[in-house]
Amino acid sequence: MRGYSAFSLLRHALGGHAGWLRAIPDAAPKPAYDVVIIGGGGHGLATAYYLARQAPKLRIALVERGWIGGGNSGRNTTIVRSNYLFAESAALYEFALRLYEGLGRELNYNIMLSQRGVITLAHSHHDMDTIARWATSIQMQGIDSEVLTAKQVHAEVPILNTAPTTRYPVFGGFVQRRGGTARHDAVVWGYARAAAALGVDIIQNCEVTAFDIAAGQVRGIETSRGAIRAERIAMAVAGHSSVLAGLAGIRMPVTSYCLQAFVSEPVKPLLDTVIMSPGTGVYISQSDKGEMVIGGQLDLYPSYGQRGSPHILESVAAAAVEQYPVLSRMRMLRQWGGIVDVVHDSSPIIDRTSVGGLYINCGWGTGGFKAIPAGGWCLADLVAQDRPGDLIRPFGFARFTSGALVDEAGAAGIAH
């Protein structure tokens, strides 16, 4: 902490930090607010921050059933990028990436953004044709993208097995240089501290158990810590979106799955970029601590579990060792799973619901972390204006009746 000597830091550490000021006050719920945000992950906290900044006179509370950042925000692989195929998605994720690029300065919090680049591999001539179309589409949106030959990929990632006899031959790929990683906990803490400084009550260990709805209009919520009145309520609860919306009588076009990842023991620097392989379902990066962070595809059955299934770990590890033989003798330190909310077209939903005053941000699937700043900004704007802005208009409920889906399965189908 600023202003503390080494001796003082040691004394506070041995004393359990009892004398330190809390960066994020642990607020108690008040009987009523103008707006209540449900969900203390990245999207909920970002919504609270941007809404408080946009409408400083509003009384805002954020309720979280556990602790802030204890859900998917603390269970992801920290990748940020905006190289999506369709213009609607590209605009939304590019907005998020641009916000990330200035977020550390804005929040006065080091989010450890590392724009080390994100490379997507091609394993066949057909993959290369797809990547050429993908990269061209992205370039037409004004987003950086560069097609790589197999030789260029090998130069970028020497530990990747590019031998002609490998099980997964590398024909090339493409890279977004501005993509990379950010520290997931720092993003959560930065938004939380900034929101609290603007007057938002952040209420932890407060589970929503029911909605108070009268004549089609939300009036408040029932929680494990009592009733809270509010005529505007925003939900950002990721994998539990359909469960929470169900309490309000809303059926969501969302299915929840477990998404797994694991990390190795720490080693010296081996990899200075992020590699994604849609063909094998494996992606990999190296953390600042030296751990190899490895993930793969979803468990392909609906689940609210956070442990995952062994067969996914086995298939991911087998493909990773084939692609990166240098990892074959490394030990896995830990494994985890997050609950992701997947929509039919692999694109999010940010919209008003059929209940007046009730708004929702969900359906990011495997792309929730990279979208946190945009998801929060857009939901805050929706709550403040009670109408969708241009960025999120394609991502409303109306697309499921009109058929105007934004089918990003190709760009979002791999877990990352």
Side-chain angles (χ1 to χ4, degrees), residues 21-27 29-30 32-64 68-69 73 80 82 91-113 182-204 228 230-237 348 350-352 357-362 364 368-393 395:
L21 295 175
R22 294 182 66 91
I24 307 162
D26 192 10
K30 297 182 177 70
Y33 294 91
D34 297 312
V35 180
V36 170
I37 298 161
I38 305 172
H43 283 263
L45 290 163
T47 301
Y49 166 71
Y50 291 119
L51 183 59
R53 196 182 69 176
Q54 181 175 349
K57 293 184 179 180
L58 290 177
R59 297 170 301 159
I60 303 169
L62 179 145
V63 298
E64 163 57 41
I68 60 168
S73 292
V80 296
S82 63
L92 188 59
Y93 285 97
E94 176 66 6
F95 180 54
L97 183 55
R98 290 191 181 280
L99 287 175
Y100 264 128
E101 288 173 328
L103 193 59
R105 292 187 298 275
E106 179 173 349
L107 301 180
N108 190 28
Y109 204 108
N110 183 10
I111 65 166
M112 300 174 69
L113 178 66
R183 174 69 180 176
H184 55 314
D185 291 329
V187 172
V188 168
W189 297 332
Y191 272 125
R193 188 179 72 172
L198 291 174
V200 176
D201 281 354
I202 297 176
I203 306 164
Q204 303 179 74
I228 302 174
E231 295 192 353
R232 281 182 281 179
I233 297 175
M235 297 185 289
V237 295
I350 311 178
D351 203 356
R352 296 170 292 193
L358 186 59
Y359 310 86
I360 193 164
N361 166 354
C362 69
W364 295 96
F369 178 75
K370 69 177 65 66
I372 283 174
W377 192 96
C378 291
L379 183 59
D381 184 67
L382 176 64
V383 172
Q385 306 297 332
D386 194 34
R387 55 174 174 76
D390 292 339
L391 269 178
I392 61 171
R393 195 164 287 116
F395 300 103

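What you are looking at is a predicted structure, and each value in this text was computed from that prediction instead of being measured.
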Practice item. Measure the CG-CD distance between Asp34 and Glu231 for me, rounded to the nearest 0.5 Å. Key: 9.0 Å
Practice item. Please report the closest heavy-atom contact between Leu107 and Ala194, naming both atoms and the distance. Key: CD2-CB, 3.7 Å
Check your understanding: So which heavy atom on Ala61 is nearest to which on Ile203, and how close?
Key -> CB-CD1, 4.1 Å
Review point. Between Leu358 and Met235, is any pair of side-chain heavy atoms under 4.5 Å apart?
Key: yes
Check your understanding: Quick one: does Phe395's side chain get under 4.5 Å of Asp351's, heavy atoms only?
Key -> no
Review point. How long is the span from the CG atom in Leu391 to the CZ atom in Phe95, to the nearest 0.5 Å?
Key: 6.0 Å
Exercise for review: Measure the shortest side-chain to side-chain distance between Arg183 and Asn110 over non-hydrogen atoms and say whether it is less than 4.5 angstrom.
Suggested key: no
Point to revise | Minimum heavy-atom distance Tyr100-Val80, with the two atoms named | key: CE1-CG1, 3.6 Å
Revision key, fill the gap. Smallest heavy-atom separation, Ala96 atom then Ala371 atom, equals CB-CA, 4.0 Å
Check your understanding: Less than 4.5 Å apart, any side-chain heavy atom of Pro373 and any of Tyr191?
Key -> yes
Practice item. May I ask you to decide if Leu198's main-chain N or O and Arg53's side chain share a donor-acceptor pair within less than 3.5 Å? Key: no
Study note, to complete from the structure: Rounded to the nearest 0.5 Å, the NZ atom of Lys370 sits from the CG atom of Leu97 at a distance of 10.5 Å
Study note, to complete from the structure: In short, Ile228 meets Pro29 closest at the heavy-atom pair CD1-CB, 3.9 Å
Check your understanding: Quick one: CG on Leu45 to CD1 on Ile24, what's the gap to the nearest 0.5 Å?
Key -> 7.5 Å
**Study point:** Inter-residue atom distance Ile392.CD1 - Trp377.CH2, 0.5 Å rounding
**Key:** 9.0 Å
Check your understanding: Taking Gln385 as the fixed residue, which of Asp381, Val383, Leu382 is the one that meets the side-chain contact (heavy atoms from CB on, under 4.5 Å) rule?
Key -> Asp381
Point to revise | Partner of His43 under ring-ring contact (aromatic ring centres under 6.0 Å, His included), chosen from Tyr49, Tyr50, Trp364 | key: Trp364
Review point. Does the side chain of Arg352 come within less than 4.5 Å of Pro388's, by heavy atoms?
Key: yes
Exercise for review: Output the distance between atom OG1 (Thr47) and atom CD (Gln54), rounded to the nearest 0.5 Å.
Suggested key: 11.5 Å
Review point. Are side-chain heavy atoms of Leu113 and Leu103 found at a separation under 4.5 Å?
Key: no
Review point. Just by modelled atom types, is the Ile68 backbone N or O under 3.5 Å from a matching donor or acceptor in the Gln204 side chain?
Key: yes
**Study point:** Nearest heavy atoms of Ile350 and Cys378, plus distance in Å
**Key:** CD1-CB, 4.3 Å
